[in-house]
Amino acid sequence: MSAVKATPSDKPVIVLFRHDLRLADNRALSAATTSGRPVLPVFILDEESRGTRPLGGARRWWLHKSLERLAEKLAELGGPLTLRKGKMVEVVKALVDESGADTLLWNRRYDPASMAADKALKQWARESNLAAESFDGHLLHEPSLVTTGNGGPYKVYTPFWRALASSDEPRPPLGAPRALNGFRGPIESMKLAAFELLPSQPDWSGGLRAAWMPGEEGAQARLRSFFADTLAGYGENRDLPGTVTTSRLSPHLAHGEITPYQIWDALKQEASSAPGGDIEKFRKEIGWREFCHHLLFHNPDLATKNYNSAFDAFPWRPDKARLAAWQRGRTGYPIVDAGMRELWQTGWMHNRVRMVVASFLTKHLLQDWRQGEVWFWDTLVDADPASNPANWQWVAGSGADAAPYFRIFNPVLQGEKFDPDGAYVRRFVPELAKLPDRFIHKPWQAPERALSKAGVKLGETYPVPAVDHGRARERALAAHKEMKGDA
DNA sequence: GTGAGCTTAGC
DNA sequence: CTAAGCTCA
């Protein structure tokens, strides 16, 4: 807010929206509105700045829907959203020229390309005698400020979490501005449709529309229903994909429709009335999100480079047919196929199943984790530049604080343990729906009579397993030995 | 230097 | 029961 006060003028203030598509707990927007000066809210679709990773299809759909809602709400407040396309710095320069603005405000981003673009923007503002100020909102703790006793980055989650727990309590969230003194000058805005964020032919977004309500109101509704229906028992139930057992807040967080400060505060209030392990368990998940950003901050190549460089020697076996079978949910392992189909249909996958499918791709099929990371990036509505690569590397064994490589998930046991009645498999792999519980996770073991009664013809209506679990496991362990040089 | 402790399990 | 170092204070 200091940047605004330090520059007494009636000139407009530009507020940049990026992945902070909300009015509440938006410090940049609040700083602008409380200044009393004309406010020009802007969203720039930047797919050109150096190093920018183009958004995947699922996030593009979400972005369209969320911008639609944000624009409506800003218009109601009196300051319509201006849409532009191009390199962040160049477009802002043009907008400053057109509007006469002398102040730029934004909420900070933390992926390497975005940080570089924002740094360049601040540099240009300084050289041009413009005020520029950035604010927190996306993370509870600045990744650069969390350090070990030696001043280095953390490599293990638990000490990182302890460090967060012993640091300052996150600030309370801000409310939404009640009014907005919108800039009145003639500023041209692109039409949202011109961003071309929605799928054209064919329109695959029906499942996404049915599953989600993008936008700030959808995020708050999700938070409320999580607290009302799911938080009690979260610690125990969160591993069960068959019903709603997790918060499902991730896409809202990824787009900044809700902030971790708002969630943290809500948890705190809930804890005062109903203390319990479930709340702490969920806090730790917020902690993992922070840890992933910490890892990305200190390892800008996290999405493309093995965190543990020993894995550079891992003998992956690239195979397009196997990759395609995994992507389309046709591996012959029901829990894997259900997960991949949930992803394809809804743009999201339950956390437990993400681990199972990632383990299957990297260990059973020996496909490079980067193949999986790219697929998730394109298909997840919550695709996050930090969480996605960090968790892929965690599963693959190349990441920070990764599980020992020899712990290879058994997709049958995982299915039987976490989807015991097969409800999840039945929903997303309907061709197996009529199989009895005891065969739902291993149809190849079902007697012919049970299969025909359920209308299943292995190899026709549902694939035979792409690999045998036991042999695949031995092959993965051998590959790992080869990597270590003691093959 | 030293010791405690380490998300998610399989055989 | 296995099996791996290695981080962090």
Pick base, sugar-phosphate or nothing for A:R352, based on heavy-atom distances below 4.0 Å to the nucleic acid. base
What nucleic acid atoms does A:N150 come within less than 4.0 Å of, heavy atoms only: base, sugar-phosphate, or nothing? nothing
Apply the salt bridge (Lys or Arg N to Asp or Glu O under 4.0 Å) test between A:R109 and each candidate in A:D20, A:D118, A:D46; give the one that qualifies. A:D118
Rounding to an integer number of Å, can you tell me how far [X] [atom1] sits from [N] [atom2]?
X	N	atom1	atom2	answer
A:F406	B:dT8	CZ	P	11 Å
A:Y405	B:dT8	OH	P	17 Å
A:K363	B:dA9	NZ	C1'	10 Å
A:Y157	B:dT8	OH	P	13 Å
A:I408	B:dA9	CD1	C1'	11 Å
A:H469	B:dG10	NE2	P	8 Å
A:M355	B:dG10	CE	P	10 Å

Go through residues 416-429 of chain A and report each residue with a non-hydrogen atom lying under 4.0 Å from DNA chain C, sorted by number. none
Within less than 4.0 Å of OP1 or OP2 of [N], is there a side-chain N or O belonging to [X]?
X	N	result
A:H350	B:dT8	no
A:R407	B:dT8	yes
A:Q414	B:dG10	yes
A:N351	B:dT8	no

Nt span of DNA chain C in reach of chain A heavy atoms at under 4.0 Å, 5' end first, is C:dA3 to C:dA9
Check for a donor-acceptor pair, side chain of A:E290 on one end and backbone N or O of A:L140 on the other, with a separation under 3.5 Å. yes
With sequence neighbours left out, which residue pairs that include part of residues 353-363 of chain A fulfil the side-chain hydrogen bond (donor to acceptor under 3.5 Å, both in side chains) condition? A:R354-A:D382
Any side-chain hydrogen bond (donor to acceptor under 3.5 Å, both in side chains) involving residues 135-147 of chain A? Give me the pairs, sequence neighbours left out, ordered by first then second residue. A:R27-A:D136, A:R108-A:E142, A:Y110-A:E142, A:D136-A:R171, A:H138-A:R289
Runs of at least three Watson-Crick or G-U pairs with DNA chain B, cut-off 3.5 Å: B:2-6 with C:5-9
Anything under 30° is parallel, anything over 60° is perpendicular, the rest tilted; go ahead and classify A:F314 against A:W316. tilted
For the aromatic rings, using the six-membered ring if either is Trp, is the centroid distance between A:F291 and A:F160 under 6.0 Å? yes
Which nucleotide, B:dT8, B:dC6, B:dC11, lies nearest any side-chain atom of A:D401? B:dC6
Between A:S398 and A:Y307, which heavy-atom pair has the shortest distance, and what is it? O-CB, 3.4 Å
Heavy-atom nearest pair, A:V353 first then A:G339, reads CG1-CA, 3.5 Å
Would one find more than 12 heavy atoms of other residues, nucleotides or ligands at under 6.0 Å from atom CG of A:D168? no
Check whether NZ of the Lys or CZ of the Arg A:R352 lies under 6.0 Å from the centre of the six-membered ring of A:F418 and within 45 degrees of that ring's axis. yes
Results of side-chain contact (heavy atoms from CB on, under 4.5 Å) for A:P153 - residues two or more places apart only: A:H294, A:H298
Consider ring pair (Phe, Tyr, Trp, His ring centres under 6.0 Å). Of A:W375, A:F428, A:F376, A:W326, which one does A:W344 pass it with? A:W375
Take atom P in B:dG1 and the same atom in C:dT7, then report the distance between them in whole Å. 16 Å
C1' atoms of C:dA4 and B:dA4, separation to the nearest Å: 15 Å
